[in-house]
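Worksheet: the structure to be examined is printed underneath.
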Amino acid sequence: MITAASATIAAEGESFHAPGPSIFDLPPVFEIAGFGVTKPMLQLVIAAIVVFGLLYAASRSRQLVPGRMQFAGEGAYNFVRNSVARDIIGSRDFQKFVPYLVALFFFILVNNLFASIPFFQFPTFSRAGMAYALAGMSWLIYNGVGMAKHGVIGYLKLQSVPSGVSPFMYPLLVPLEFFSNILVRPVTLALRLFCNMFAGHILLVLFATGGLYLIEHVGGIGYVAGPLAWVLAILVSFLEILVQFLQAYVFVLLNAMYIQGALADEH
Amino acid sequence: MKSLVILAAAEGEEHNPLVPLWEEVAIALVVFGILFFAIKKFVAPNFEKTFAERSAAIEGGIAAAESKQAEADAKLAELEQQLSEARHEAARIREEAREQGAQIVAEMREQAQAEAARIVEHGKAQIEAERQQAVTSLRAEVGTLATGLAGRIVGESLEDEARQSRVVERFLADLETANASDAGKDA
């Protein structure tokens, strides 16, 4: 894809076109009955297969003294189970959310890591629709959990009316709380994931294509600056791997916090 | 999707990246949904069961060790009790033996004293009997002797002092020899 982008630049001649949002609009890899299957869609499926395959392979032996594979799987599973689900939701209710949070974390993590894995090199959630899907689902889940526990009115009151505040402040605070707890959360959840993946990828493409342009078309100082841009691209790649992990972690962490807030007895 | 890309390429317009494509939303939800149910059904129960079994095994091991410890403690206490009982028993036996020994000694002493008393009594009785016999025989002899002496004194007619004393001397010598022969007979 980088080579494709650089080829267009080379074809266009002297002026450098910085990579824009259009680099995320990939043509379909193949079509099924007129429905174009694109690379990020394939990545979603592959990620799901990889996540399930690894976790299932690790979990199926069920040894009391785990082997290497099972030990790694238990470590991964327990990372989400204990340090996210149990620590945040609390040991009373966390158990039924563990499969959801585990699936969510590893699904997002693998899809994010695709941005740095050779031959994939495309972050799935740089497609906004996919990030919206997970954020919308999170929104439905935490609100649904809260309403199931407190009832619709009780839940809206829990989320909108802050306790320990004088009723004179309600006209100001209730709309604000409702806005931040009910309306803004899914948007920030989706945009945080989407924008990080989008920006990281565009930054990498910029360094890669820019370096190539410097070497091919500028000459002189370009022979120094071009390779330097590539070195920076490598460094940025490492930073991106960290961001990819962090975004998956933050997404799941916030999910757990929203669920905990919806289940809480008091605001 | 494809039409959008082509459109964008043709018109030089770019698809706003914030505007979602419905098929991407749908496929993300479907794929994640399948993954969620697969993990809920196949992965999480396995892990949870393993954790439960593991903690049960560890707790079971601890419980087994505790019961073993309790058993050992009970056995130790039992042995100590048996030991102290045995000590008591030994002390009691020793005490009994001492008492018995003392009793035996006392009995023996009593017996010996009784025997000694009996011997002494016997000796005394014998001496008394002999004395009685001696007295009886003496009484009989004294009469005869006195009669004999008186006869002799009267027979000599008591002429002179010297004769008189001679007679007495002879009588006494006779008496002594008779006594000595008597004593020799008795012994």
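First the proteins, then the strands, lettered A, B, ... as listed; each starts at 1.
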With chain B, which of [options] has the greatest number of heavy-atom pairs at distances under 4.5 Å?
options	answer
A:P66, A:S61, A:P99	A:P99
A:S59, A:A128, A:A103	A:S59
A:R81, A:Q70, A:M137, A:Q63	A:R81
A:V45, A:I49, A:L44	A:L44

Per-residue contact mode, [X] against chain B (heavy atom under 4.5 angstrom):
X	answer
A:Y100	both
A:F52	both
A:F194	side chain
A:Q95	side chain

Counting heavy-atom pairs under 4.5 Å to chain A, which of B:L29, B:I27, B:V43 comes out on top?
->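 The answer is B:V43.
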
Looking at B:P17, B:P45, B:A26, which makes the most heavy-atom pairs under 4.5 Å with chain A?
-> B:P17

For atom CE of A:M257, is the number of surrounding heavy atoms from other residues, nucleotides or ligands below 6.0 Å larger than 12?
->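 At most 12 heavy atoms, drawn from other residues, nucleotides or ligands, come within 6.0 Å of this atom.
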
So does A:R62 have more than 12 non-hydrogen atoms from other groups sitting under 6.0 Å from CZ?
->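 Counting neighbours around CZ of A:R62, more than 12 heavy atoms of other residues, nucleotides or ligands fall under 6.0 Å, so yes.
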
Measure the acute angle between the ring planes of B:W22 and A:F35, then classify it against the limits of 30° and 60° as parallel, tilted or perpendicular.
-> tilted

Quick check on the structure: residues of [range] within a heavy-atom distance below 4.5 Å of chain A, by number.
range	result
residues 30-39 of chain B	B:V31, B:F32, B:L35, B:F36, B:A38, B:I39
residues 46-72 of chain B	B:N46, B:F47, B:E48, B:K49, B:T50, B:F51, B:E53, B:R54, B:A57
residues 86-109 of chain B	none

Can you name the residues of residues 104-117 of chain A that have some heavy atom under 4.5 Å away from a heavy atom in chain B?
-> A:L104, A:F107

OG1 (A:T38) and CD (B:E24) are apart, to the nearest 0.5 Å, by 5.5 Å

Non-hydrogen atoms of A:G129 and B:V25 that approach each other most closely =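 The pair with the smallest heavy-atom distance is O-CG2, 3.4 Å.
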
Steps toward side-chain contact (heavy atoms from CB on, under 4.5 Å) verdict (A:Y132, B:V19) = CA-CA 10 Å; A:Y132 293 165; B:V19 175; over 6 Å; no

